Amino acid sequence: MERYSAIKQLAVTSAELIEQVQFDDHQGKPEKIEPLLARIITLALAASADPEALKTSLFQKENTEKGEK
């Protein structure tokens, strides 16, 4: 996927996620939100100049946050 196209689709998908959260009692419905979250991650990796570095960064942050709790 072309990077520019992925960035545009990422923006649209993010807006869809915001709509779900705003109009479903500010929580959203998991069956609607989870596919959007998966799509956002996929598009972010496609839009990244270095997808492997992005993956590493995400997992390091996740592990750091888990360790802090």
Side-chain angles (χ1 to χ4, degrees):
M1 180 182 304
E2 184 184 319
R3 187 171 185 215
Y4 178 73
S5 175
I7 291 169
K8 284 175 43 178
Q9 290 180 9
L10 180 58
V12 171
T13 305
S14 296
E16 290 176 28
L17 179 62
I18 290 168
E19 282 184 31
Q20 289 299 317
V21 174
Q22 286 179 334
F23 297 116
D24 287 334
D25 294 333
H26 301 284
Q27 294 178 24
K29 296 178 180 173
E31 63 274 8
K32 292 183 179 180
I33 295 216
E34 291 301 319
L36 292 172
L37 291 173
R39 180 87 174 129
I40 287 170
I41 292 168
T42 300
L43 289 167
L45 291 170
S48 176
D50 188 350
E52 289 304 316
L54 179 58
K55 285 182 197 177
T56 301
S57 174
L58 289 171
F59 286 119
Q60 286 176 346
K61 182 177 180 177
E62 179 182 338
N63 290 337
T64 301
E65 288 173 354
K66 285 181 181 177
E68 292 175 356
K69 292 181 181 180

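Predicted model, so just to flag it, every value in this text is computed and none were measured.
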| query | Who pairs with S14 by side-chain contact (heavy atoms from CB on, under 4.5 Å), at least two apart in sequence or on another chain? | reply |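 For S14, the residues satisfying side-chain contact (heavy atoms from CB on, under 4.5 Å) (neighbours in sequence not counted) are L10, I40.
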| With E34 via side-chain contact (heavy atoms from CB on, under 4.5 Å) - residues at least two apart |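 Once residues adjacent in sequence are excluded, the partners of E34 under the side-chain contact (heavy atoms from CB on, under 4.5 Å) criterion are L37.
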ILVMFWY cluster membership beyond [X] - transitive side-chain contacts under 4.5 angstrom:
X   : answer
I7  : none
F59 : none
L58 : I41, L45, L54

| task | Would you name the heavy atoms of A46 and A6 that are closest together and state the gap between them? | result |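 Minimum heavy-atom contact is CB-CB, 3.8 Å.
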| Euclidean distance, E16 CD relative to K32 NZ, rounded to 0.5 Å |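 Nearest 0.5 Å value for the NZ-CD distance: 11.5 Å.
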| From K8 NZ over to T13 OG1, what is the distance, rounded to the nearest 0.5 angstrom? |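 Separation between the atoms: 12.5 Å.
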| field | Set of side-chain hydrogen bond (donor to acceptor under 3.5 Å, both in side chains) partners for E52, sequence neighbours left out | value |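 With neighbours one apart ignored, the set is K55.
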